[in-house]
Structure formats: C-alpha cells, structure tokens
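On a predicted model such as this, the values are computed, not experimentally measured, just so you know. Scope of the values below: all heavy atoms of this structure, side chains included, with no hydrogens, waters or symmetry mates. Numbers here simply count residues along the sequence, with the first being 1.
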Amino acid sequence: AFFFLLSRTIGAALRLYVVALVLQRAVFDDLGVPFWLSVLITVMLIWVYTFRGGMKTIIWTDTFQTLAMLVCVGTSIVLISQELNLSFQGLVDTIDQSAYSQVFFWDFKDSRYFVKQFFSGAFIAIVMTGLDQDMMQKNLSCKSLGDAQKNMFWFSIILVFVNILFLSLGALLYIYANAKGITLPEKGDDVFPFLALNYFSAFLGIVFILGIVAITYASADSALTALTTSFCVDFLDFGKRTEQER
C-alpha cells in the first residue's frame, strides 16, 4: 500500500504537471492567469465533484472523459488525413507502408526487442490491474464477480482498438511533419502539442485542448479517489473501525 501511494502520487502529479503546462501555454498565458492558480483551480474542481459524488461520479465522469478523449483522437486523425488529401484506404495504406507501422523487432540489442517488450508488457498488466487500486476500483464497484470479470474481458478487447487508434495518430503526426517539412521537437511528448498549436487549424487546436482536459481529469480524479481509499483503509483502518462501531 505504501509503494502504491508513493508511485501513484508521483505518477499522477507528473501527468497533471505535464498536461497543466500544455494548457498554461495554450490558454492561460494569454488570459494572464498564473501557472499556480490554473493548477489550483484544476485540482479544486476535481476534488469538488469527487467529494460530492464519490465512486459513481468517478465512473460516469471517467466514461465521459474517455469518450471525449477518443473523439479528440478520431477527429485529429480525420482532419490530418484531409490535410494530406488521403482517403480512408489511402490513410491505411500510408501508415502501413511507413516505417512507423513496424510492430515486431527481432534485434535483441534494440530497446524495442519483441521478447523483452512482450514479457515486460505482461508484468505491467499484472501490476496495473492486479496490484493497483486506481485501476481496480472500477472492478471492485461491480455488483458481482461475474460483472467484474465481464468488465475486465471487454476492457481488454476495447483497449486493443484504442491503442491502434493512438498509434495511428502518432504515425500520422510524423508523416504529416515529413510531408510539410516541419522540424519536430526532440521529445515525443511535445510533438502533438507543437503541431496542434502552431500548424493545425484553430478547430483542431480546440479539439486538442478539449482532449487534454479530458485526459487530465480522467487521470487525476481516479488517482485522487484511489489514494484516498488506500490511505483510509490501509493506514487509518476505516473498515475495521466501522465494523467495531456496528
């Protein structure tokens, strides 16, 4: 429980910091809002609706936020393909024929070596879904074991298609930059914000900002609830106190 609190606090804080920094540069700097105030407002909004609605609020807001994030990715793919004058089949063929579509790497010296990636991915899945309160709290909220198993089953299938969608967007960003002769930032995390805020249309920039907001809230609210639950149950013994009172 201690290591979960430590890792989740660092991970959630880092994700929130990165996304808040993007929002600050894209929106709040022009409005004259200082960085600390924009972060404080974000955290307070998350705390208010999490405290008010509890787990049901997290489940419904996460569903809505995830949908908004997927709409952002899908819209970005469509608009970028239009910029490149690609039909759906042309889009598929362009990604398939590019170097970014390679999945299996068999050189054991490569950091993307398939065997290493396969086993590390398996262990990450075990840790994330079996030992992480943040990931498991939605399954724990199911009414029965069967419902929780169904949730895990369909979640794993849907996640495959979601990953394909995100990987396709990533490949398209680099293909677009190569086609337009754009020099991209060295860090991969900066590519999408750089293109969305400097080279894409205003509409796509707005879509990107909405997607960033959805990702921020979807990640932070579930982390806040998981951290609170773990601390109260594992360290303050809230469950044992309730039983004793009864």
Enquirer: With a sphere of 6.0 Å drawn around NZ of Lys116, does it hold more than 12 non-hydrogen atoms of other residues, nucleotides or ligands?
Expert: yes
Enquirer: Work out which heavy atom in Cys72 is nearest to a heavy atom in Ser76; give both atom names and the distance.
Expert: O-OG, 2.7 Å
Enquirer: Linking I/L/V/M/F/W/Y whenever their side-chain heavy atoms sit closer than 4.5 Å, directly or via other members, would Phe119 and Val103 fall into one cluster?
Expert: yes
Enquirer: How many angstroms lie between CG in Asp96 and OG in Ser101, if you round to the nearest 0.5 Å?
Expert: 5.0 Å
Enquirer: Using the rule side-chain contact (heavy atoms from CB on, under 4.5 Å), only one of Val73, Ile80, Thr75 pairs with Ile77; which is it?
Expert: Val73
Enquirer: Can you name the nearest heavy-atom pair linking Ser81 to Val78, along with the distance?
Expert: OG-O, 2.5 Å
Enquirer: Same cluster or not: Val115 versus Phe108, using hydrophobic residues (I, L, V, M, F, W, Y) connected whenever any side-chain heavy atoms lie under 4.5 Å apart?
Expert: yes
Enquirer: Which of parallel (below 30°), tilted (30 to 60°) and perpendicular (above 60°) describes Trp106 and Phe104?
Expert: parallel
Enquirer: Could you tell me whether Lys109 and Asp107 make a salt bridge, using a distance below 4.0 angstrom between a side-chain N and a carboxylate O?
Expert: no
Enquirer: When you group the ILVMFWY residues by side-chain heavy-atom contacts below 4.5 Å and let the links chain together, are Leu37 and Met44 in the same group?
Expert: yes
Enquirer: Enter the distance from Asp93:CG to Phe88:CZ here, rounded to the nearest 0.5 Å.
Expert: 10.0 Å
Enquirer: Rest of the hydrophobic cluster containing Phe105 (Ile/Leu/Val/Met/Phe/Trp/Tyr, side-chain heavy atoms under 4.5 Å)?
Expert: none
Enquirer: Look up atom CG in Leu84 and atom CG in Leu91, then write down how far apart they are to the nearest 0.5 Å.
Expert: 8.5 Å
Enquirer: What is the minimum heavy-atom distance between Phe194 and Thr183, and which atoms define it?
Expert: CE2-O, 3.6 Å
Enquirer: What's the separation between atom CG in Leu79 and atom CZ in Phe200, rounded to the nearest 0.5 Å?
Expert: 9.0 Å
Enquirer: What's in the same ILVMFWY side-chain cluster as Phe153, cut-off under 4.5 Å, chained through other members?
Expert: Trp154, Ile157, Phe161
Enquirer: Should we say atom OH of Tyr17 is surrounded by more than 12 heavy atoms from elsewhere, each under 6.0 Å from it?
Expert: no
Enquirer: Let me confirm one number: the CD-CG distance from Glu83 to Leu195, rounded to the nearest 0.5 Å.
Expert: 11.0 Å
Enquirer: According to a 4.5 Å side-chain heavy-atom criterion applied to Ile, Leu, Val, Met, Phe, Trp and Tyr, with indirect links allowed, do Val162 and Val92 form part of one hydrophobic cluster?
Expert: no
Enquirer: Got a donor-acceptor contact below 3.5 angstrom from the Gln117 side chain to the Ser111 backbone?
Expert: yes
Enquirer: What pairs of donor and acceptor atoms, side-chain ones from residues 165-179 against any protein atom, are under 3.5 angstrom apart with sequence neighbours left out?
Expert:
| unit_1 | atom_1 | unit_2 | atom_2 | d |
| --- | --- | --- | --- | --- |
| Ser168 | OG | Ile164 | O | 2.7 |
| Asn178 | ND2 | Tyr100 | OH | 3.4 |
| Asn178 | ND2 | Tyr174 | O | 3.1 |

